[in-house]
J.: 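One structure is given below, represented as C-alpha cells, and several questions about it will come after.
By convention in this document, chain letters (A, B, ...) are assigned in the order of the sequence lines, proteins followed by strands, and residues within each chain are numbered from 1.
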Protein chains: 2
Amino acid sequence: MIFQMDSIGDIIRKKREEKGMLLRQLAAMVEVDSAILSKIERGERKARREQIINIAKALELDEKRMLIEFLSENIAYEIIDEDSATDVLRVAESKVKYFRKNK
Amino acid sequence: MIFQMDSIGDIIRKKREEKGMLLRQLAAMVEVDSAILSKIERGERKARREQIINIAKALELDEKRMLIEFLSENIAYEIIDEDSATDVLRVAESKVKYFRKNK
DNA sequence: CATACATTTGACAAATAATGTCAAGAATGA
DNA sequence: TCATTCTTGACATTATTTGTCAAATGTATG
C-alpha cells in the first residue's frame, strides 16, 4: 500500500503536534473539554460534526476532506463486523442515487 | 434502469400483501405494534435490526438480503444530503478494509 | 347512510445512546 | 521531587430512538 491510512484522530493529533499545540490549547480554541479531545484523538470517542469542522479550522486542515474522513469513519464502524460490508456500500450507493432522483 | 429500486418498507409491504396478511397479523407475529409496522412499511420510521430479521422470517424473505437493505438504507440516509456522498462511500470501503487488517 | 374493520396519525412516555463534566491517576521531563 | 500534560473512569446531562395508545381516517359492504 502506498499510503498510510490514518484515522481521523490520528490526523488531528499529528497536525496538532506539528503545530506544537497542547491538547488544552486546541481544546480551548474549539470549545471542547480536553478530556474529550484526548478521546477523540485516540479514537475512544466519536466527535460531532461541528467539532470536526471547528478542529479543522483551528488546525488549518481541509474542511471538506475532514468531513469525508468523519462521515466515512462513522460508516466504516457501522459495518465493520458485517461480512457483507462491501455489498452494503454498493447498495447504499445505488440507494443514494435513486432516492435523490425520486425525492 | 432495468430494476425497480424498492425501499425496505416497500419490500415488506409488497410481500405482506402478496401473502394476504393484515398489518396486525404480521405485527403480532413479530411482536411489534401495528402502528410501528405501518410506519416502517411507509418509511416513516426506521426499523431495528432485530425487527427486520423477525419480519424476514415471518414473511419468508431472504434474511441476508434484508439485512443488506437495512444497513445500506441507513447509510444512504446518513449521506443523502452530502455532496461528497460517493467519495464518502469509497473512503468508507478503504477504512473497513484497513481497520479490519489492523484490529 | 351506517356499520365493521384496517390502517394511519400524532401526542406522549419510556428506554437507550450520545455527549459533557470533573477529579483523580499516570506519564513525562526538568 | 515538582510541575505539567495527558488519560481514565464515574457520573450527570441531554438528545435521540423506540414504544404505547387512542383518536382520526380510510375502505368496503349491507
Side-chain angles (χ1 to χ4, degrees), chain A residues 6-59 66-67 69-82, chain B residues 6-59 66-67 69-82:
Chain A
D6 280 333
S7 68
I8 196 164
D10 294 334
I11 296 168
I12 294 167
R13 175 149 292 190
K14 279 185 183 170
K15 187 78 176 190
R16 175 175 65 79
E17 291 179 341
E18 244 175 70
K19 297 204 150 209
M21 291 176 71
L22 297 176
L23 253 182
R24 67 174 159 75
Q25 292 175 322
L26 179 58
M29 286 182 76
V30 301
E31 292 179 306
V32 73
D33 191 279
S34 305
I36 290 183
L37 187 53
S38 167
K39 286 169 187 169
I40 290 170
E41 286 188 348
R42 288 169 300 104
E44 192 185 318
R45 270 221 194 170
K46 273 194 203 172
R48 292 183 312 160
R49 171 190 280 250
E50 265 309 306
Q51 291 169 334
I52 291 301
I53 290 169
N54 292 339
I55 289 168
K57 282 183 178 138
L59 293 178
M66 289 298 276
L67 211 49
E69 295 287 338
F70 168 73
L71 294 166
S72 61
E73 196 159 309
N74 288 348
I75 290 172
Y77 279 118
E78 264 176 69
I79 57 172
I80 194 160
D81 293 324
E82 307 292 338
Chain B
D6 279 333
S7 69
I8 196 164
D10 294 334
I11 295 168
I12 294 167
R13 175 149 294 191
K14 279 185 184 170
K15 186 78 175 189
R16 175 175 66 76
E17 291 180 339
E18 244 175 71
K19 296 202 151 210
M21 289 176 72
L22 298 177
L23 253 182
R24 67 175 160 75
Q25 292 174 323
L26 179 57
M29 284 183 77
V30 301
E31 292 178 308
V32 72
D33 192 279
S34 305
I36 290 183
L37 187 53
S38 167
K39 286 168 187 168
I40 290 170
E41 286 188 347
R42 286 170 302 104
E44 193 185 317
R45 273 222 191 167
K46 274 194 203 171
R48 292 184 311 161
R49 171 191 281 252
E50 264 309 307
Q51 291 170 335
I52 292 301
I53 291 169
N54 292 339
I55 290 168
K57 282 182 178 138
L59 293 179
M66 289 298 276
L67 211 48
E69 296 286 338
F70 169 72
L71 294 165
S72 62
E73 196 158 308
N74 288 349
I75 290 172
Y77 279 119
E78 263 175 71
I79 57 172
I80 194 161
D81 293 325
E82 308 292 337

J.: If I take atom CG in residue B:N74 and atom P in nucleotide D:dT17, what distance separates them, rounded to the nearest angstrom?
T.: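 My rounded result for the distance is 10 Å.
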J.: Closer to the 5' end of DNA chain D via nearest nucleotide, is it A:R24 or B:D33?
T.: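 Taking each residue's closest nucleotide, the earlier one in sequence belongs to A:R24.
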J.: Compare every heavy atom of B:D6 with every heavy atom of B:E69, then report the nearest pair and how far apart it is.
T.: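 It is OE1-O, 4.0 Å.
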J.: Expressed in angstrom and rounded to an integer, what is the separation of A:I52 atom CD1 from C:dT19 atom C1'?
T.: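 Rounded to whole Å, this separation is 14 Å.
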J.: So, OP1 or OP2 of C:dT8: does either fall under 4.0 Å of a side-chain N or O from B:R42?
T.: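 Indeed, a polar side-chain atom of B:R42 lies that close.
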J.: Considering only heavy atoms from C-beta outward, does the side chain of B:L59 approach that of B:E18 to under 4.5 Å?
T.: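 No, every pair of side-chain atoms sits at 4.5 Å or beyond.
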J.: Looking only at non-hydrogen atoms, find the nearest pair between B:E82 and A:L67 and report the distance.
T.: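 Minimum heavy-atom contact is OE1-CD2, 4.5 Å.
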J.: Look at the side chain of A:Q51 and decide which nucleotide, out of C:dG20, D:dC6, C:dT9, has an atom nearest to it.
T.: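 Between C:dG20, D:dC6, C:dT9, the one nearest the side chain of A:Q51 would be C:dG20.
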J.: Can you tell me if the side-chain N/O atoms of B:R45 get under 4.0 Å from OP1 or OP2 in D:dG19?
T.: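 Checking B:R45 against D:dG19: no side-chain N or O falls below 4.0 Å of OP1 or OP2.
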J.: Categorize A:R16 for me: base, sugar-phosphate, or nothing, with a 4.0 angstrom heavy-atom threshold over every strand shown.
T.: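 If one applies the 4.0 Å heavy-atom cut-off, A:R16 turns out to touch the sugar-phosphate alone, with no base involved.
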J.: Tell me, do A:M66 and A:I8 make a side-chain contact under 4.5 Å, heavy atoms counted?
T.: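 Touching, per the 4.5 Å side-chain cut-off.
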J.: Under 4.0 Å between a side-chain N or O of B:S38 and OP1 or OP2 of C:dT7?
T.: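 False: B:S38 side-chain N/O out of range (4.0 Å or more) of C:dT7 OP1/OP2.
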J.: Whole angstrom is fine here: how far is it from CD in B:E17 over to C1' in C:dT7?
T.: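 Whole-Å distance recorded here is 11 Å.
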J.: Calculate the interatomic distance between B:K46 atom NZ and D:dT18 atom P; express it in whole Å.
T.: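 To the nearest whole Å, that distance equals 7 Å.
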J.: Under 4.0 Å between any heavy atoms, over every strand shown, what does A:I36 touch: base, sugar-phosphate, or nothing? Just pick one.
T.: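 Base, at least one base atom sits under 4.0 Å.
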J.: OP1, OP2 of D:dT7 versus side-chain N and O of A:R13: anything below 4.0 Å?
T.: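 Yes, because at least one side-chain N or O of A:R13 sits under 4.0 Å from OP1 or OP2 of D:dT7.
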J.: Can you tell me the distance, in whole Å, between the CG atom of A:L37 and the P atom of C:dT19?
T.: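 Checked: the CG to P distance equals 15 Å.
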J.: Of the nucleotides C:dT8, D:dT7, C:dA6, which has the atom closest to the A:L23 side chain?
T.: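 That would be D:dT7.
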J.: D:dT16, OP1 or OP2 - any side-chain N/O from B:R48 closer than 4.0 Å?
T.: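 Answer no for this pair, as no side-chain N or O of B:R48 is under 4.0 Å from OP1 or OP2.
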J.: Check whether any side-chain heavy atom of A:I52 lies under 4.5 Å from a side-chain heavy atom of A:I12, and answer yes or no.
T.: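 They are in side-chain contact.
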J.: Check if the side chain of A:K39 and the base of C:dG20 share a donor-acceptor pair of N or O atoms closer than 3.5 Å.
T.: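 Answer is no: no donor-acceptor pair is held.
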J.: Rounding to an integer number of Å, can you tell me how far A:R49 CZ sits from D:dA15 P?
T.: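 So the CZ-P distance, A:R49 to D:dA15, works out to 18 Å.
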J.: Rounded to the nearest Å, what distance is computed from the CG atom of residue B:L26 to the P atom of nucleotide C:dA6?
T.: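 It is 14 Å, rounded to the nearest whole Å.
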J.: For the helix from C:dC1-D:dG30 to C:dA30-D:dT1, what angle separates the axis at the start from the axis at the finish, each from five pairs, in steps of 10°?
T.: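 Between the axes fitted at each end of the helix from C:dC1-D:dG30 to C:dA30-D:dT1 lies an angle of 30°.
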J.: Closer than 4.0 angstrom, basic N to acidic O: yes or no for B:E44 and B:R42?
T.: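 Yes, B:E44 and B:R42 are salt-bridged.
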J.: Whole angstrom is fine here: how far is it from CD in A:E41 over to P in D:dT5?
T.: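 Taking CD of A:E41 and P of D:dT5, I get 15 Å after rounding.
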J.: Side chains of A:I55 and A:L37: closer than 4.5 Å at any heavy-atom pair?
T.: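 Yes, side chains in contact.
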J.: Measure the spacing between CZ of A:R24 and OG of A:S38 and express it to the nearest 0.5 Å.
T.: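 A:R24 CZ to A:S38 OG: 14.0 Å, rounded to 0.5 Å.
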